[in-house]
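Here's the structure, in structure tokens; my notes come after.
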Number of protein chains: 4
Amino acid sequence: MRTKTGNKEQRILEAAVAIFARDGYHHSRISDIAELAGISVGSVYLYFDNKESILNRLFSDLWARLVGQLKAQYRRQDLTAVEKLDIMIDLIFNGFIHHADLAVVFVNEQNFLLNHGRPDFIKHYEAYLQMGTQIVREGIKHGVFRKDVDLVVLRHFTFGGIRHLIHLWAHEPKRFPLLQMRSGIKELVKNSIRVAR
Amino acid sequence: MRTKTGNKEQRILEAAVAIFARDGYHHSRISDIAELAGISVGSVYLYFDNKESILNRLFSDLWARLVGQLKAQYRRQDLTAVEKLDIMIDLIFNGFIHHADLAVVFVNEQNFLLNHGRPDFIKHYEAYLQMGTQIVREGIKHGVFRKDVDLVVLRHFTFGGIRHLIHLWAHEPKRFPLLQMRSGIKELVKNSIRVAR
Amino acid sequence: MRTKTGNKEQRILEAAVAIFARDGYHHSRISDIAELAGISVGSVYLYFDNKESILNRLFSDLWARLVGQLKAQYRRQDLTAVEKLDIMIDLIFNGFIHHADLAVVFVNEQNFLLNHGRPDFIKHYEAYLQMGTQIVREGIKHGVFRKDVDLVVLRHFTFGGIRHLIHLWAHEPKRFPLLQMRSGIKELVKNSIRVAR
Amino acid sequence: MRTKTGNKEQRILEAAVAIFARDGYHHSRISDIAELAGISVGSVYLYFDNKESILNRLFSDLWARLVGQLKAQYRRQDLTAVEKLDIMIDLIFNGFIHHADLAVVFVNEQNFLLNHGRPDFIKHYEAYLQMGTQIVREGIKHGVFRKDVDLVVLRHFTFGGIRHLIHLWAHEPKRFPLLQMRSGIKELVKNSIRVAR
DNA sequence: AATGAATGAGAATTCATTCAT
DNA sequence: TATGAATGAATTCTCATTCAT
């Protein structure tokens, strides 16, 4: 029996990221993905039900990974809320810094999926944001963050802001250096909620 | 006499907003737009070169209007930088509050156009952000805002954050009330850059 | 405005009969039908929803025509039941004698449609058989046909028998001359139900 | 030792009947057949050249069996032509009464094969019909059947009629009870050719 | 200007068959 | 023999755009 190569699925996902980033999800062709992955068109369908499920899987993996990484830090007692917030932001940036293509897909297509029924990455995505909110709550309790922060607005505003900066970097890395933007963001976020003085 | 023409063109744009919002740009059909506008498919092409140019025009109009509105306030000497920043944010929200469909299209499709060559709405879009940056600079000069704010990060971060909140509102207005989010944002933005104390 | 040619639908149907007869419904390509009809592939879909609906329409037209023709004779008082039965059979044969292709499609594909939900030709088809049954009933009442004939079996048996002979003729007209088979059938049918003596 | 082989081949054939009956030959998948047979897709091709040859084999087996059964009765001197005709019809019905699936395949797909070159079941099929004709000839010689019967028409008409009734039964056994139809058919057939009085 | 019929390129998906193991 | 992963040809249907009227 011809045995499954074992990494074909991964190759498809990697190829898909590249093609989706280059052409946009809607203009991407399965045949291009297959070609880049070095397999036949039909084989794509051995691993994925259809084009959308590839995109879904990409986001699922991305957010599952982020959640996994954050969880490890989340409960640590030796870190302040401010430090945890920094870590959260770092995680996102680290996740993309070596994968500009993934960043492009992330900023361009997440909305599309979100508007399309209940994709399965949603639970991880919300878990991540939820942990962020929790960290801020903790900071408020310790008197580091202001009491009157609107947590819902904060979390989505921050998420949107970060996403947009990643977008800019992914398209023009020279003009928008990721590291510089990362520290700029940290400052903004912390200032926006820190107790005055 | 442009009445007839202007009328139809406008009707096409309005229909397009509704259809794009409902189906997403890529899945929208020209025939649906024509039908909603009450004209024939062929007529659409008398007013627009192709599907993309309708979308382009939508954004062009949107940003031109915002720029026009902001310009009027921008130079006023009787307003502080903080007040001007509030106005800027208000303008964006006011532009959408009665046009949820436009908001949906705005958040979902602006990236697509941005990644597609140099759409002509870009100059207005950048002018708007530029004025925002200028307002912040003014605030810094007057000692209201912190000197060390990264202006590039600030403007894009803020833009991204606002956009995302508008997105949430457009899809779930009950859960994300626009007015509440607007004041939450104002607080965050101002706190994030205000001089401590 | 480009006006509808008015007979394009008909040309598609005629082309479809030829292609379906040659290749069988399942192996027929829309592109072949379009080509034979002298139009583009896309145009086929202006007139028909999909491939199956073309086939459906073919049968619908066929049976509607047969029913129409039979109705005219059905009520005549000057004809005996025997004569009416002859007419019924003649109608079917006449319907095919100049359209061997239609005959082929008829015998090969009617079952497929019948097994596929409720195609709309069914009502005509059943009306036709129903009239046949009624004619036989009439003959029984007048003492021409035997009382103990199983009408259900008779009508379906006869239909199946005729269909099969048409099949043979359509494929090998030389070996199975239609006219000869027609009279053979008439004899069989009448003998099978005629009152002995 | 053919146990293993013979076994699997048979299982494939049985599975194929079920799947062909359910989905129609053209829409049946080899993978479904393999699954139902409890073997792998590849194994199907160890026993059959391709999909069509499975169908072929089904018909070949069916008709070979019928011929074999008929032959045993065919030469008996103690039976009249009428009795032999009854037997012929019984054989067909008995062949299906416990195999509705086979009946469905038989009525739906035999034409397809017949139109497709020279399938190898043809010789059995024709032998069967030939014997039927011979029986009728015998009856004519003995003065039981009418001299003027068109034997060709008779045999094909009868075959077509029987097939159609089997079709009806296979799809709606409640509405078209096989036994009742069988006796109805016998009556019709015999009456259609019996010498008057 | 207006119409809407006509076009035809385009792409996702299926599945019989092959073949490496 | 047996497996089932891999192949890739094949075909329906869609829809932006064109164009005859």
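Reminder, nothing fancy here: chain letters follow the sequence lines and each chain counts from 1.
Side-chain proximity of A:N50 to the nucleotides E:dT13, E:dT17, F:dC13 is greatest for E:dT13. Distance from the side chain of D:V41 is smallest to E:dT17 among E:dT7, E:dT3, E:dT17. Closest to the A:Y45 side chain, of the nucleotides F:dA16, E:dG4, E:dT14, is E:dT14. The side chain of B:K8 sits closest to E:dA2 out of E:dA2, F:dA2, E:dT13. The A:Y47 side chain lies nearest to F:dA5 when the options are F:dA5, F:dT17, E:dA16. When distances are taken from the side chain of D:S40 to each of F:dA6, F:dA2, E:dG8, the shortest belongs to F:dA2.
Atom C1' of nucleotide F:dA6 and atom CD1 of A:I12 are separated by 11 Å, given to the nearest angstrom. For the pair A:E52 CD and E:dT13 P, the interatomic distance rounds to 9 Å; values are reported in whole Å. A straight line from CZ of A:R29 to P of E:dA9 spans 15 Å, rounded to a whole angstrom. Atom P of nucleotide E:dA11 and atom CD1 of A:I19 are separated by 13 Å, given to the nearest angstrom. In this structure, CD1 of A:I33 is placed 12 Å from C1' of E:dA11, rounded to the nearest angstrom. Atom NE2 of A:H27 and atom C1' of F:dC15 are 13 Å apart (whole Å). When the P atom of E:dA5 is taken as reference, atom CZ of C:R11 falls 16 Å away, rounded to whole Å. Distance A:I54 CD1 to E:dA11 C1': 14 Å, rounded to the nearest Å.
The aromatic rings of C:H27 and D:F112 sit tilted relative to each other, their planes meeting at an angle between 30° and 60°.
Using a 4.0 Å heavy-atom distance criterion, B:L46 is classed as a base contact.
Sequence order on DNA chain F of the closest nucleotides to D:G42 and A:G42 puts D:G42 first from the 5' end. Heavy-atom nearest nucleotides on DNA chain E were determined for A:I30 and for D:D49, and the one closer to the 5' end corresponds to A:I30. When each of A:I39 and C:S43 is assigned the nucleotide of DNA chain F with its nearest heavy atom, A:I39 is the one assigned upstream, toward the 5' end. Mapping B:V44 and A:H26 onto DNA chain E by nearest heavy atom places B:V44 closer to the 5' end of the strand.
Between A:I33 and A:F20 there is a side-chain heavy-atom pair separated by less than 4.5 Å.
Paired runs in DNA chain E that reach 3 or more consecutive Watson-Crick or G-U pairs, where each pair keeps both distances under 3.5 Å, cover E:2-21 with F:2-21.
Applying the side-chain hydrogen bond (donor to acceptor under 3.5 Å, both in side chains) test to every pair with at least one member in residues 30-45 of chain D, sequence neighbours left out, gives these pairs: D:S40-D:S43.
In this structure, D:L113 CG and D:Y25 OH are separated by 7.5 Å, a value rounded to the nearest 0.5 Å. Atom-to-atom distance recorded for D:L36:CG and D:R29:CZ is 13.0 Å, nearest 0.5 angstrom. A distance of 6.5 Å separates OH in D:Y125 from CH2 in D:W63, rounded to the nearest 0.5 Å. Note that the NE2 atom of B:H167 and the CG atom of A:L114 stand 6.0 Å from one another [nearest 0.5 Å].
Taking the charged nitrogens against the carboxylate oxygens, C:R65 and C:D61 have no contact shorter than 4.0 Å, which rules out a salt bridge.
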